[in-house]
Number of protein chains: 2
Amino acid sequence: MISSRGKYATRALLHLAQREGQAPVSIQEISERQVIPLKFLEQILLTLKQAGFVTSRKGPGGGYQLAKSATKISLGEVVRVFEGPLALVSCASVTRFGECGCPHPEVCGLREVWIEARHALAQVLDLTTFADIVQRQSHLEAGHHAIHDFSI
Amino acid sequence: MISSRGKYATRALLHLAQREGQAPVSIQEISERQVIPLKFLEQILLTLKQAGFVTSRKGPGGGYQLAKSATKISLGEVVRVFEGPLALVSCASVTRFGECGCPHPEVCGLREVWIEARHALAQVLDLTTFADIVQRQSHLEAGHHAIHDFSI
DNA sequence: TATTACTCTACTAATTCGATAGACTAAGTA
DNA sequence: TACTTAGTCTATCGAATTAGTAGAGTAATA
């Protein structure tokens, strides 16, 4: 399970991705619109900034913006910043390794499966960018409105 | 990341699967061979028993055995017992649901991706049985021995 | 200079996690 | 019957993590 931090981070980033090219967005706006505790969100945005996903501007009219195109930010990258390696088990991680604990990692049938699982997860998360998510969301909203319009 | 409990559980189950059809295996043997703290393993095996994966027999010659064929126990089932739903986020879970927290789950582009990720993970874990893992392991061991033999 | 808005660090309450301890029960065996 | 073996069950504990709060500080703008 992904932590609240991680979930909030992805929601905040999606919020910014939806406003790409527009004026900076304040912490307060994100907090209110995305229903995220303000002081908690501050920390999260700071982490996102340190990780190079967003930039910030102080003072009136300030706020946060994406540091690069939403097409260049994958969900996998962001998840890794907040949750660590995607691997379910350290012996299946590409980055961390060796901290397996199991008696014979080199001939472990389980490890092979953990690696497969990690790969399946990475395949989805690393190939999905925030631009994709923005697009999906607008499709969903269009469909939702259509249904709503129809029901009137 | 999967907890120690979950990792130990899968290792213990693999140990039993490798001895399917043989005499019961004691907690102590599993503990020693798989390098798992004994008293911790007791609890884990109890959980595995309650979940219907293993049976036990007390007294001399007693121990644990698989409750059903290793072909009928998937890694996914076992992981779920110890880690809860496979979904990275509750709004993508088939079992738990509604505890999303996000403002509009019905039109959430992120949720779609979380669901995809859950599906990718489930595809691997639910289709892999402990019989598969036993087989993989013996292939690995055969290969490993072959290399070793060659180097002599 | 007042206001706006991000920055940074410390803290805390609650929960979870990994593990240990110990008393208890059941099944064989001499 | 008594002893031994081996699983059962519950309580506890320390350390780590998590979610969230608090507050003082800095930079930019009007």
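Residue numbers begin at 1 in each chain, while the letters A, B, ... track the order of the sequences. Just the heavy atoms: all of them, side chains too, but no hydrogens, waters or symmetry mates, feed the values below.
- As rounded to whole Å, 8 Å separates atom P of C/dC17 from atom CD of B/Glu83.
- Look at CD1 on A/Ile30: it is 13 Å from P on C/dA5, rounded to the nearest Å.
- A/Ser56 has no side-chain polar atom (N or O) that falls below the 4.0 Å cut-off from OP1 or OP2 of C/dC6.
- Checking D/dT4, C/dG18, D/dA28 against the side-chain heavy atoms of B/Ser3 singles out C/dG18 as nearest.
- Counting any heavy atom pair closer than 4.0 Å across all strands shown, B/Gln43 reaches a base atom.
- For the pair A/Leu127/A/Leu75, no side-chain contact is recorded, criterion being any heavy-atom separation below 4.5 Å from C-beta on.
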Side chain to side chain donor-acceptor pair (under 3.5 Å) evaluation trace for B/Glu29 with B/His15:
CA-CA 10 Å; B/Glu29 181 190 319; B/His15 193 92; 3.0 Å; yes
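- Atom CD1 of A/Ile44 is separated from atom P of D/dT18 by 13 Å (rounded to the nearest Å).
- Side chain of A/Arg11 to backbone of A/Gln34: a donor-acceptor contact under 3.5 angstrom is found.
- At least one side-chain nitrogen or oxygen of A/Ser4 sits closer than 4.0 Å to the OP1 or OP2 atom of D/dA19.
- At a threshold of 4.0 angstrom between heavy atoms, the contacts of B/Tyr8 are confined to the sugar-phosphate backbone, with no base atom among them.
- The distance from atom CZ of A/Phe40 to atom C1' of C/dT9 is 16 Å, rounded to the nearest whole Å.
- For B/Gln50 and D/dG7, the CD to P distance is 15 Å, given to the nearest whole Å.
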Decide yes or no on salt bridge (charged side-chain N to carboxylate O under 4.0 Å, His left out) for A/Glu141 and A/Arg136, but give the supporting numbers first.
CA-CA 9 Å; A/Glu141 281 168 354; A/Arg136 277 165 177 263; over 6 Å; no
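- Between A/Lys58 and C/dT7 there is no side-chain polar atom (N or O) within less than 4.0 angstrom of OP1 or OP2.
- For the pair B/Arg57 CZ and D/dA6 P, the computed distance is 12 Å after rounding to whole Å.
- No more than 12 heavy atoms of other residues, nucleotides or ligands lie within 6.0 Å of CZ in A/Arg57, so this atom counts as exposed by the packing criterion.
- Residue B/Lys7 places no side-chain atom within donor-acceptor reach of the base of C/dG18, judged by atom type and a 3.5 Å distance cut-off alone.
- Distance CZ (B/Arg11) to P (C/dG18): 13 Å, rounded to an integer number of Å.
- Contact check for B/Gln65 versus B/Gln22: no side-chain heavy atoms found under the 4.5 Å cut-off.
- Residue B/Tyr64 contributes atom OH, which lies 13 Å from atom C1' of C/dA26 at whole-angstrom precision.
- Applying the ring pair (Phe, Tyr, Trp, His ring centres under 6.0 Å) test to residues at least two apart or on different chains, the pairs with a partner in residues 37-92 of chain B are B/Tyr8-B/Phe40.
- When heavy atoms are screened at a 4.0 angstrom cut-off, A/Pro37 is found touching the sugar-phosphate backbone but no base atom.
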Practice problem: Report the C-alpha distance between A/Glu77 and A/Arg80 in whole Å, list the side-chain angles of each, state the deciding distance to 0.1 Å, and finish with yes or no for salt bridge (charged side-chain N to carboxylate O under 4.0 Å, His left out). | Solution: CA-CA 5 Å; A/Glu77 290 177 275; A/Arg80 266 180 273 247; over 6 Å; no
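- The side chain of B/Pro60 has D/dT5 as its nearest neighbour among D/dT5, D/dT8, C/dT7.
- Rounded to 10 degrees, the angle between the two end axes of the helix from C/dT1-D/dA30 to C/dA30-D/dT1 is 0°, with five pairs used at each end.
- Within 3.5 Å, no donor on the side chain of B/Lys39 pairs with an acceptor on the base of C/dG18, nor the reverse.
- A sub-4.0 Å separation between OP1 or OP2 of D/dG7 and a side-chain N or O of B/Lys49 is absent.
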